[in-house]
Amino acid sequence: MKHISVLVKPASSLCNLRCKYCFYANVSSLREVRSYGKMTESVTEKMIEQIFIDLEDGDHLTLAFQGGEPTLAGLDYYRKVVACVKAQGKRVQVHYTIQTNGTLINERWCEFLKENEFLVGVSIDGHPEYHDLNRVDTKGTGTFQRIILTKELFDRYQIDYNVLCTLTNPLGKEAKKVWQFLQKHKIQYVQFIPCLDDLDTQTRSSYALTPKRFFGFYRQLLSSWLAELEKGNYISVKLFDDLLNLLVRKQVTACGILGSCQVQYVIEADGSVYPCDFYVLDEYRMGYIQESSLKELFNQDISKKFVCEKPALPEKCQSCPFKNICGGGCKRMKDAIYVDEKDYCGYQELLQLFLPKVNQILDALQNVQKGQAE
Ligand code: SF4
Ligand code: SF4
């Protein structure tokens, strides 16, 4: 049984917001074609057919939709996808996910997402003030109030969702505020996404996370999280889950966590395929899904080149006690999380703090599970 994941951008880089730190606006500005518009019906049909070529009965497929803003493709686009999947006639377990800014979601969307068991990632930046500072619409107006209404709609429809919070450098100082926000809004699942500098930049932006801030944020968060966990209140924090999966269950649940790239199959609206969401650039185009199966795309020289090309490890990594469980981490995140110019590594600090607490965390998690079972 295999599990294949594909990331689809049905509305390319189109977006109805103008978030100040948007990484995909930067990536797409470096291509010949900034936006491929919306995916057509014929590309959609062919894409699903081609993905299914490599699948057999009993396999799992995750179709993750992302943007830009993927809801701009319209509800009918997703109805078409679901219909195409059903028409394939193989007993493949399909998991749908969508990552949205939440501004275009209404009751009709909720009915569809619930009916088709979509797991939704909704972007909320951990605190109204910080959210409205950066996540603005075309008029420059903050979107927090609109998103909170969407979150309430998801709660009402009992849609599974996690909150995606972009961890900017300023927000990195506010772990306490973020924690209080998560508790106040009864958020069960959260993933902090490190805010990165532009790919082509020479100077650091004020938004981009630094390894020091990364560690400062997680040190405070871990302390609040563990204190609540010991009281029986559990919130899933993606990085803590990934660390437990790696250290305890020996499972890799985050790309780059062992220091190597994986081919992610990112499909743009015109059907072009790329190895990683951070590198949807002309020079990394592996081919077109209309013309090749995933296996054929995987075997392209460009995919192998992407996976193998890695900056030389800093000196600090050579003598690091965690080298074998980190390997220098994700190459795109290196300036945000790992070794900085002063030889400080935020991730090493976090591992040093986290590792001795693993048994304490596992005991507390077990108690929470027992409490839920009673
Ligand atoms: S750059 Fe990072 S996220 Fe992209 S494939 Fe490599 S490790 Fe994964
Ligand atoms: S934890 Fe930091 S210093 Fe250690 S191997 Fe990873 S990136 Fe290098």
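Counting convention: from 1, in listed order, for ligands and their atoms alike.
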Check your understanding: What do you reckon, are the aromatic ring centroids of Y78 and Y96 less than 6.0 Å apart?
Key -> no

Exercise for review: Flag the pair F240 / F354 as yes when their ring centroid distance falls below 6.0 Å, and as no otherwise.
Suggested key: yes

Revision key, fill the gap. Atoms of type N, O or S from protein under 2.8 Å of atom 8 (Fe) of ligand 1, total 1

Practice item. Can you sort out the partners of H3 under ring pair (Phe, Tyr, Trp, His ring centres under 6.0 Å), two or more places apart, ordered by chain and number? Key: H60, H95

Revision key, fill the gap. Residues passing the side chain to side chain contact (heavy atoms under 4.5 Å, CB included) test with E291, sequence neighbours excluded, are Y288

Review point. If you leave out waters, which protein N, O or S atoms are less than 2.8 Å from atom 4 (Fe) of ligand 2?
Key: C320 SG

Can you see whether [Y] has [X] sitting over its ring - NZ or CZ less than 6.0 Å from the centre and within 45° of the normal?
{"X": "K151", "Y": "Y161", "answer": "no"}
{"X": "K9", "Y": "Y274", "answer": "no"}
{"X": "K177", "Y": "Y130", "answer": "no"}

Point to revise | Passing option when E268 is tested against R34, R31, R285 for salt bridge (Lys or Arg N to Asp or Glu O under 4.0 Å) | key: R31

Review point. Could you state the interatomic distance from OH (Y36) to OG (S13), rounded to the nearest 0.5 Å?
Key: 9.0 Å

Check your understanding: Short list, please: which atoms of ligand 1 are under 4.0 Å from a heavy atom of Y279?
Key -> 1 (S)

Exercise for review: Salt-bridge test for R146 and D137: reply yes if a basic N is under 4.0 Å from a carboxylate O, no otherwise.
Suggested key: yes

